[in-house]
Amino acid sequence: MTKEKLLLLDGNSLAYRAFFALPLLTNDSGIHTNAVYGFTTMLQKILDEEKPTKMLVAFDAGKTTFRHESYGEYKGGRQKTPPELSEQFPYLRKLIDAYQIKRYELEMYEADDIIGTLAKQAEKENMQVIIVSGDKDLTQLATDNVTVYITRKGMTDIEHYTPAHIEEKYGLTPEQIIDMKGLMGDSSDNIPGVPGVGEKTAIKLLKEYNTVENLYENIDGMKASKMKEKLVENEEQAKMSKQLATIYTEAPIEITLDDLHYAGPNEEEVLNVWQELSFKSLIEKSNFTMEEKETKEVAFEIVDQITEDMLNDVMAVHLEIENEHYHSCRLLGLAMTNGIKTYYVPFNVMHQNEIIKNWLEDETKKKYVSDSKAAQAILKRIDIDLRGVAFDLLLASYIVNPSISGDDVATLAKEFGYIDVQANETIYGKGAKWAVPEENVLAEHVSRKAFAIWTLQPIVEQKLHENEQFDLYHDLELPLAAILGRMESEGIKVDISTLEKMGEDLERKISQLENEIYELADEKFNINSPKQLGVILFDKLGLPVVKKTKTGYSTAADVLEKLKSKHKIVASILDYRTLAKLQSTYIEGLMKEVHCEDSKVHTRFQQALTATGRLSSTDPNLQNIPIRLEEGRRIRQAFVPSKEGWVLFAADYSQIELRVLAHMSKDENLVDAFIKGMDIHTRTAMDVFHVSEDEVTSNMRRAAKAVNFGIVYGISDYGLSQNLDITRKEAAEFIDKYLQSFPGVKEYMESIVQEAKQKGYVTTILNRRRYLPDITSSNFNLRSFAERTAMNTPIQGSAADIIKKAMIDMDARLKAEGLKSKLLLQVHDELIFEAPQDEIAILERIVPDVMEHAIELAVPLRVDFSYGNTWYDAK
DNA sequence: GTTTTCACG
DNA sequence: ACGTACGTGAAAACA
């Protein structure tokens with residue numbers, strides 16, 4: 001028989017953990033669900049990984065325990081359980097019952113004691129025991145057969161405490177965890193410990209004296225110190241604290257190990273609870289079987305001929321494509337509905353059909369769609385110019401909440417509680433099993449999508465109005481989608497032969513470096529493998545380990561940079577990395593993306609993806625083409641105008657983010673610097689270092705520049721210290737000096753974090769929102785992250801608003817001036833056009849004009865520009 | 001599928 | 001004490 005595996009869960013602790021780690025989710029009827037949700041994801045993960053044969057969830061019972069008898073103040077001063085959490089416990093119990101897991105609580109004892117008692121019993125029976133909790137106290141129970149899992153940030157990140165791990169982490173045995181707590185106390189349980197003794201001191205003392213008792217037996221030998229006094233003064237308190245922290249392993253429990261057999265969940269029951277709690281993503285992902293959900297009937301008709309009477313003035317339309325690569329994949333068909341009649345038109349019926357082409361191109365015929373940019377691009381390929389888009393579900397959802405992940409209609413619809421669209425995966429399968437289903441199935445699926453868009457249009461628009469975001473959606477994102485669609489369809493020409501030549505060049509250099517590296521290492525290995533490279537550098541060559549990753553040694557560039565002086569091989573590896581990156585990503589990768597029909601790349605700009613409102617670019621990503629180093633920058637020589645006699649014209653905002661910060665903070669000093677047109681980093685250096693303009697050294701300017709970056713990112717001393725390779729203390733001093741010089745910035749940063757805490761979100765100039773649920777987390781890391789995000793998002797997001805507005809204005813201006821010049825790319829703070837040579841003089845006038853006045857700020861916006869025969873030359 | 005690294009603003 | 005700078009995408013290795 002295989003060994004029994006017992007899983008013991010600390011119900012209260014895990015629920016608390018989940019509650020504070022996750023944002024306050026609610027189900028459709030307004031009940032809070034985040035604690036149950038976190039518990040569930042953690043439970044699923046552990047069940048999948050551990051496959052236990054026995055299980056129990058222990059809960060605390062009642063208010064008083066035996067610990068209160070010896071110490072009345074135990075757990076005193078504790079905040080009342082928030083009502084948002086209390087209301088979740090009944091659901092948690094229901095869920096555990098649905099999983100058919102035993103749960104247990106015992107008067108006068110805590111969950112810890114139940115778990116400790118059972119763990120000891122199980123160990124005697126030679127079982128393998130896993131304890132799961134959010135509370136590190138439980139680690140005192142770890143033995144060779146008992147592992148304690150503690151959830152870290154989020155709920156599914158779990159740290160495994162074995163005696164070895166505890167030894168490594170604290171240098172203590174599991175039993176000494178109790179002594180540690182006796183000495184340092186625990187504020188959350190109101191255990192006093194010895195005042196002035198924290199974790200560090202406690203560990204130091206225990207390494208010398210092993211236990212609290214032994215410490216006091218030998219305390220006379222300790223040399224006189226403030227700490228010794230404290231220890232002597234608080235001997236009783238320390239001993240009592242240790243007692244309080246000790247988990248009682250002989251609780252009078254009335255259940256036995258035999259009662260804990262676990263045979264798996266009642267899947268239907270679990271699904272019912274999930275349904276009740278609106279755990280849509282879990283329902284989606286689970287492979288639990290359930291009788292077919294009663295989805296609403298959607299009557300649809302597959303048409304083999306299109307007639308005028310089918311086409312109304314307002315309809316929802318959905319174009320079904322094979323996959324996300326809409327510049328190359330097949331169009332399968334389209335569905336359209338007016339809410340009463342729904343039609344599915346297979347591709348071969350709509351193809352080269354004048355009636356539907358005319359309707360799709362008719363500006364006065366309003367279309368509700370999801371992802372209008374994709375629709376426009378795919379139709380363009382069959383010579384149809386989509387017009388009259390009046391609603392875009394994808395963009396509207398993104399404006400309501402940019403954190404929504406997924407861009408398919410099923411996912412978006414579910415966000416608004418509409419469940420009658422199936423996931424694409426359900427219809428098509430995935431991976432090798434992917435296939436287009438028979439026409440009836442396909443037609444129903446696509447019809448359901450169109451119907452969902454129709455149904456959701458008023459609901460989502462209402463939400464936009466409520467949030468005062470309708471203008472942002474309707475006047476910015478929606479027209480921008482059409483512009484981006486044209487940019488993508490137009491594409492940018494790539495000179496393949498230039499890339500090929502560079503590739504051959506690189507190939508030679510790379511193989512030479514390879515040989516050099518093998519020679520220096522005295523063996524061949526895969527330089528691309530951080531793991532193998534780590535072995536060579538740190539084990540074989542004995543270089544000092546600067547930084548570790550969670551899987552081993554870090555070999556990142558900043559680490560290697562510090563090792564450069566230690567061994568010749570390091571510089572070669574850095575060079576190799578640079579060239580290998582160029583070769584694989586920018587030569588080979590880019591060539592794969594060039595369409596052979598027109599020698600162009602057609603990127604896709606993701607318009608509903610980033611949390612801040614920026615665009616992103618994929619297949620290929622044209623927003624990260626090298627520029628900083630000359631070798632890489634030459635890649636840009638391969639990007640050329642599409643027509644003879646044309647050039648590429650590039651215009652970029654200067655310091656847009658800091659100007660946005662000046663505008664929003666109204667800091668007098670920062671505003672003044674921009675109004676006077678000063679070099680902002682030099683000006684910052686003058687103020688921070690208290691020197692005159694000509695006394696600013698290049699190092700001072702460099703430091704000031706890093707501080708300015710830090711400010712935009714949501715400053716932290718640690719981050720700045722890493723960037724400048726200085727100590728944290730020095731970094732903190734820099735920041736302090738900066739904030740003294742720019743008091744308005746300081747005030748702004750503090751107020752934006754306060755606002756985020758109060759409202760739960762931050763906004764940009766055009767009222768784009770980003771929700772920050774972690775801003776109130778009790779977890780330091782999560783909260784700090786959210787605070788930095790609160791500072792950064794209005795800046796980055798407002799800059800994104802500005803350039804998007806500039807793109808719309810620019811499009812109108814080009815049209816108004818009757819120019820042939822075309823906008824091709826956007827790279828966050830710059831626009832790239834191709835233009836006939838004879839329009840350059842005009843562009844030099846109108847591009848900066850439009851960009852600089854897209855949105856008026858309290859400081860001027862400044863745009864630099866240039867042009868040339870390739871992207872490289874537009875510098 | 002996740003992790004590490006590195007390209008950009 | 002806690003351990004990260006903000007926002008992205010692609011390639012390669014490894015599990």
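Every chain is numbered from 1, with letters handed out A, B, ... down the list of sequences.
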Among the nucleotides C:dG7, B:dC8, B:dT3, whichever has the atom closest to the side chain of A:T551 is B:dT3

Classify A:Q532 by what it touches in the nucleic acid, base, sugar-phosphate, or nothing, heavy-atom distance under 4.0 Å.
sugar-phosphate

Check whether any side-chain N or O of A:T549 sits under 4.0 Å from OP1 or OP2 of B:dT4, and answer yes or no.
yes

Donor-acceptor contact present, side-chain A:K373 to main-chain A:F605, <3.5 Å
yes

By the 4.0 Å heavy-atom rule, please label A:N526 as base, sugar-phosphate, or nothing.
sugar-phosphate

From CG of A:N621 over to P of B:dG9, roughly how many Å is that when rounded to an integer?
11 Å

What is the distance, to the nearest angstrom, from the CZ atom on A:F780 to the P atom on C:dA1?
12 Å

Has A:R783 got a side-chain N or O lying under 4.0 Å from the OP1 or OP2 atom of C:dC2?
no

What's the CD-P distance between A:Q583 and B:dC6, to the nearest Å?
17 Å

Can you tell me how far C1' of B:dA7 sits from CG of A:L579, to the nearest Å?
14 Å

Could you tell me whether A:I625 contacts a base, only the sugar-phosphate backbone, or nothing, with contacts defined as non-hydrogen atoms closer than 4.0 Å?
sugar-phosphate

Within the structure shown, what part of the strands sits under 4.0 Å from A:A731 by heavy-atom distance: base, sugar-phosphate, or nothing?
nothing

Sugar-phosphate only, base, or nothing, as touched by A:R628 at under 4.0 Å among non-hydrogen atoms:
base

Starting from the 5' end of DNA chain C, give me the residue, A:S784 or A:N792, whose nearest nucleotide shows up first.
A:S784

Separation of the P atoms in B:dT3 and C:dT4, to the nearest angstrom
14 Å

Go through it in stages, so that I can follow the logic: the residues are A:R614 and A:E657, the test is salt bridge (charged side-chain N to carboxylate O under 4.0 Å, His left out), and I'd like the CA-CA distance, side-chain angles, deciding distance and then a yes or no.
CA-CA 13 Å; A:R614 274 190 176 183; A:E657 293 189 332; 3.6 Å; yes

A:Q796 has its side chain closest, among B:dC8, B:dG9, C:dC2, to B:dG9

Counting side-chain heavy atoms from CB outward, which of C:dA11, B:dA7, B:dT4 is closest to A:T585?
C:dA11

Counting only Watson-Crick pairs (N1-N3 plus N6-O4 or O6-N4) and G-U wobbles (N1-O2, O6-N3), all under 3.5 Å, who is the partner of C:dA1?
none

Please give, in whole Å, the distance from B:dG9 C1' to A:R614 CZ?
5 Å

Selected nucleotide, minimal atom distance to A:P626 side chain, candidates B:dC8, C:dA13, C:dA5
B:dC8

Cation-aromatic face contact A:R788/A:F785, 6.0 Å, 45 degrees:
yes

Which nucleotide wins on minimum distance to the side chain of A:K200, given the candidates C:dG7, C:dA10, C:dA1?
C:dA1

Specify the separation, in whole Å, of atom CH2 of A:W871 and atom P of B:dC8.
11 Å

Would one find a side-chain N or O of A:T793 under 4.0 angstrom from OP1 or OP2 of C:dG7?
no

With distance as the sole criterion, do the side chain of A:N624 and the base of B:dA7 form a donor-acceptor contact below 3.5 Å?
yes

Which part of the nucleic acid does A:A799 contact within heavy-atom distance under 4.0 Å: base, sugar-phosphate only, or nothing?
nothing

Under-3.5 Å donor-acceptor pair between A:S716 side chain and C:dT4 base:
yes

Could you check which of C:dA10, B:dC8, C:dA12 has an atom nearest any side-chain atom of A:I627?
B:dC8

May I ask you to say what A:G589 touches in the nucleic acid, namely base, sugar-phosphate or nothing, with a heavy-atom cut-off under 4.0 Å?
sugar-phosphate

Report yes or no: do A:S572 and A:D575 form a side-chain donor-acceptor pair below 3.5 Å?
no

Side chain of A:R728 only, heavy atoms from C-beta on: which candidate in C:dG7, C:dG3, C:dA13 is closest?
C:dG3

May I ask you to say what A:V827 touches in the nucleic acid, namely base, sugar-phosphate or nothing, with a heavy-atom cut-off under 4.0 Å?
sugar-phosphate

Give one of base, sugar-phosphate or nothing for A:A580, where a contact means two heavy atoms less than 4.0 Å apart.
nothing

DNA chain C: 5'-proximal contact among A:K169 and A:S529 (nearest heavy atom)
A:K169

What is the distance from CD of A:Q826 to P of B:dG9, rounded to the nearest Å?
12 Å

Just by distance, with hydrogens left out, do A:S13 and A:S133 show a side-chain donor and acceptor under 3.5 Å apart?
yes

Between A:F785 and C:dT4, do the rings stack, that is, sit under 5.5 Å apart with planes less than 30° off each other?
no

Under 3.5 Å, is there a donor-acceptor pair linking the side chains of A:Q176 and A:Y170?
no

A:R788 side chain N/O closer than 4.0 Å to the phosphate oxygens (OP1, OP2) of C:dT4?
no

Rounded distance in Å between the P positions of C:dA5 and B:dT5:
13 Å

Given C:dT8, C:dT4, B:dC6, identify the nucleotide with an atom nearest to the side chain of A:S616.
C:dT8

Please determine if a side-chain N or O atom of A:K531 lies less than 4.0 Å away from the OP1 or OP2 oxygen of B:dT3.
no

For a quick test of reading the model, state the closest non-hydrogen atom pair linking A:M502 to A:R634 and the distance between them.
CE-O, 2.8 Å

May I ask you to say what A:T555 touches in the nucleic acid, namely base, sugar-phosphate or nothing, with a heavy-atom cut-off under 4.0 Å?
sugar-phosphate

Does the plane of the ring in A:W434 sit parallel, tilted or perpendicular to the ring in A:Y428? Use 30° and 60° as the thresholds.
parallel

Could you label the plane-to-plane angle of the A:F865 and A:F649 rings as parallel, tilted or perpendicular, counting under 30° as parallel and over 60° as perpendicular?
parallel

Which nucleotide in the set C:dG3, C:dA5, C:dG9 lies at the smallest distance from any side-chain heavy atom of A:T618?
C:dG9

Which nucleotide wins on minimum distance to the side chain of A:L609, given the candidates C:dG3, C:dG7, C:dG9?
C:dG9

Integer-rounded Å distance: B:dT2 C1' and A:E49 CD
13 Å

Categorize A:N723 for me: base, sugar-phosphate, or nothing, with a 4.0 angstrom heavy-atom threshold over every strand shown.
base

